[in-house]
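When a residue number appears, it is its place in the shown sequence, counting from 1. Both ligands and their constituent atoms are indexed starting at 1 by order of listing.
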Amino acid sequence: MANSQAVKKEVEEFMTGLHNRNPYEPEFHQAVQELVETVMPYYLDHQQYRRWRILERMTEPDRVIMFRVTWSDDDGEIRANKAWRVQFNNAIGPYKGGMRFHPSVTLSVLKFLGFEQCFKNALTGLPMGGAKGGSNFNPKGRSDVEIMRFCHSLMTELFRHIGESRDVPAGDIGVGAREIGYMFGQYKRLENNFVGVLTGKGLEFGGSLIRKEATGYGTVYFAQNMLNHIGDSVEGKDVVISGSGNVATYAVEKVLHYGGKPLTLSDSGGSIYDPDGIDEEKLEFIKDIKEVRRGRISEYTDKYSTAKYLEGKRPWGVKCDIALPCATQNELDLDAAKELVSNGVKLVAEGANMPSTLDAVHHFLGNNVLFGPAKAANAGGVACSGLEQSQNSLRISWSAEEVDQRLQDIMKGIHSKCVKFGEGGENVNYVQGANIAGFEKIAAAMTSYGVT
Ligand code: NDP
């Protein structure tokens with residue numbers, strides 16, 4: 001086993017090289033640093049991987065496709081956006097990962113997401129490589145027809161780079177069932193081929209039951225596994241959740257199923273804090289605001305006056321047992337982590353991708369908080385997408401109960417892999433466990449192929 005000084009030096013040298021090769025990509029650097037810190041001792045102990053330069057190869061995408069998306073708005077103005085598809089690694093299966101539409105999307109953001117996706121997909125046990133794509137297009141305030149024109153135009157370029165055995169995109173921030181429908185429709189028209197080339201599809205055209213619930217449900221299943229491992233459960237716990245999109249709303253739903261008490265939700269404008277708890281009826285109201293009317297979370301306090309709206313604030317100051325960050329990257333920094341720890345948080349599970357900064361992660365780990373990193377905790381979404389691909393290939397549809405059971409089994413399997421590589425016992429380091437388990441699977445496949 002390499003000593004800690006030698007490991008530190010190797011990590012520093014590796015990261016210096018990575019920064020030099022990929023300047024001005026802070027999110028990508030952060031995601032790689034988080035992995036390399038925990039994988040390096042394992043890497044140094046497995047000379048066969050080192051000899052094959054697996055880590056260097058794994059941190060370079062197979063390819064990046066960058067293109068222009070031109071469309072016209074409702075006033076007849078011509079608009080042009082940037083778009084990318086980062087096909088990161090297909091060692092263990094066709095590329096798989098979502099598309100994000102948000103003005104903050106850059107190549108760095110998509111490289112971090114694509115890199116994370118490789119390990120997450122490996123953890124599910126399903127044959128899926130890692131990719132991510134998206135555009136700096138801002139869907140907020142756009143009409144349905146504008147969204148359709150944008151999606152059609154984007155797919156007019158993207159279609160030649162994807163395929164059911166090549167690359168299967170899905171949704172992410174700003175890309176839900178509506179956008180997937182428009183993109184699938186255009187793909188089908190261009191290729192004259194009805195295949196499962198996208199996941200997150202509508203139920204009428206090949207979608208899977210439970211897909212929309214899967215990421216939020218899966219995050220709570222993972223948290224439940226973490227607590228069960230130490231003889232505890234979600235039941236009776238106060239839970240703080242950020243975001244109010246797909247992941248956050250279904251995380252609330254599963255917390256309720258398990259007898260926990262969800263206290264908060266948020267969006268980019270601020271947070272709502274309901275000391276009485278968000279129950280099933282209140283959750284239906286939120287789904288109506290966000291999914292149907294595409295409104296703001298602040299509207300919650302118009303209807304439920306005992307709740308507070310914390311304008312411009314994230315919810316981490318609210319006392320809780322469990323925190324589930326489910327909005328976006330770097331939404332939980334060191335100050336927030338300190339506040340959560342001093343308020344007695346026991347468990348943090350990441351529903352969003354990389355919502356915690358690196359120093360926040362270190363703070364949780366240093367204070368014995370059970371910490372479930374995104375690549376393990378939110379893998380339920382892509383796992384269910386994998387199940388959607390299987391159903392499409394078999395040309396059958398499984399019942400909701402069947403898909404949900406498979407999802408629960410997959411989350412349990414991911415938990416076991418984290419325990420195996422995360423030092424074992426009660427004191428599991430889930431960051432280490434998830435990183436090494438994911439790395440090991442991809443590294444073994446890459447080694448089998450020789451120098452490719
Ligand atoms: P949605 O678009 O459905 O919801 C995103 C939510 O996060 C909204 O409430 C949004 O608020 C909020 N948000 C977005 N950007 C910011 C920001 N910069 N600051 C504060 N709040 C913000 O996305 P999803 O729920 O699908 O995704 C949420 C996270 O989960 C992302 O990190 C995504 O990568 C990850 N994830 C999603 C999966 C899925 O299956 N959907 C699978 C695995 C991970 P507003 O409306 O104001 O923008």
Parallel, tilted or perpendicular, judged at 30° and 60°: which one describes the rings of Phe159 and Tyr187? perpendicular
For ligand 1, which part of Ala374 has a heavy atom less than 4.0 Å away: the side chain, the backbone, both, or neither? neither
Considering all protein heavy atoms, does one lie under 4.0 Å from atom 10 (C) of ligand 1? no
In the protein, which heavy atom is nearest to atom 25 (O) of ligand 1, and how far is it? Val247 N, 3.0 Å
Taking distance alone, with N or O pairs closer than 3.5 Å, would you say Arg296 contacts ligand 1? yes
Is the centre of the His415 ring less than 6.0 Å from the centre of the Tyr430 ring? yes
So for Lys140 against ligand 1, with non-hydrogen atoms under 4.0 Å, the contacting part is side chain
Shortest reach to atom 28 (C) of ligand 1 by a heavy atom, considering only Ala327, Gly269, Gly245: Ala327
Considering only heavy atoms, does Glu213 approach ligand 1 within less than 4.0 Å through its side chain, its backbone, both, or neither? neither
Does a donor on one side chain and an acceptor on the other come within less than 3.5 Å for Ser135 and Arg68? no
Please check if any side-chain donor atom of Ser397 sits under 3.5 Å from a side-chain acceptor atom of Gln391, or the reverse. no
Going by distance only, is there an N or O of Thr215 that falls short of 3.5 Å from an N or O of ligand 1? yes
Would Gly351 count as a contact residue for ligand 1, given that I'm defining contact as a non-hydrogen atom of the residue lying under 4.0 Å from a ligand atom? yes
Between Phe88 and Phe28, how do the two ring planes meet: parallel, tilted or perpendicular, split at 30° and 60°? tilted
Would you call the rings of Tyr217 and Tyr221 parallel, tilted or perpendicular, taking 30° and 60° as the class edges? perpendicular
Should Lys290 be listed as contacting ligand 1, given a heavy-atom distance under 4.0 Å as the test? yes
Is it the side chain (CB and beyond), the backbone, both or neither of Asp267 that lies under 4.0 Å from ligand 1, heavy atoms counted? both
Any atom of ligand 1 sitting under 4.0 Å from a heavy atom of Gly171? no
Would you kindly say whether Glu281 and Tyr304 are connected by a side-chain donor-acceptor distance under 3.5 Å? yes
Ligand 1 contacted by Ser104 (non-hydrogen, < 4.0 Å): no
Check whether any N or O atom of Asn246, backbone or side chain, sits under 3.5 Å from an N or O atom of ligand 1, and answer yes or no. yes
Does Arg314 approach ligand 1 within less than 4.0 angstrom via side chain, backbone, both or neither, non-hydrogen atoms only? side chain
Closest to atom 17 (C) of ligand 1 (judged by heavy-atom distance), picking from Thr328, Asn330, Asp172: Thr328
Has Lys212 got any heavy atom lying under 4.0 angstrom from an atom of ligand 1? no
Part of Ala248 with heavy atoms under 4.0 Å of ligand 1, whether side chain, backbone, both or neither: neither
If you measure only the distance, is there a donor-acceptor pair under 3.5 Å linking the side chains of Glu350 and Ser356? yes
Tell me which protein heavy atom sits closest to atom 45 (P) of ligand 1, plus the residue, atom name and distance to 0.1 Å. Ser268 OG, 3.5 Å
Report the part of Gln329 (side chain from C-beta onward, or backbone N, CA, C, O) that has a heavy atom under 4.0 Å from ligand 1; answer both or neither where that applies. neither
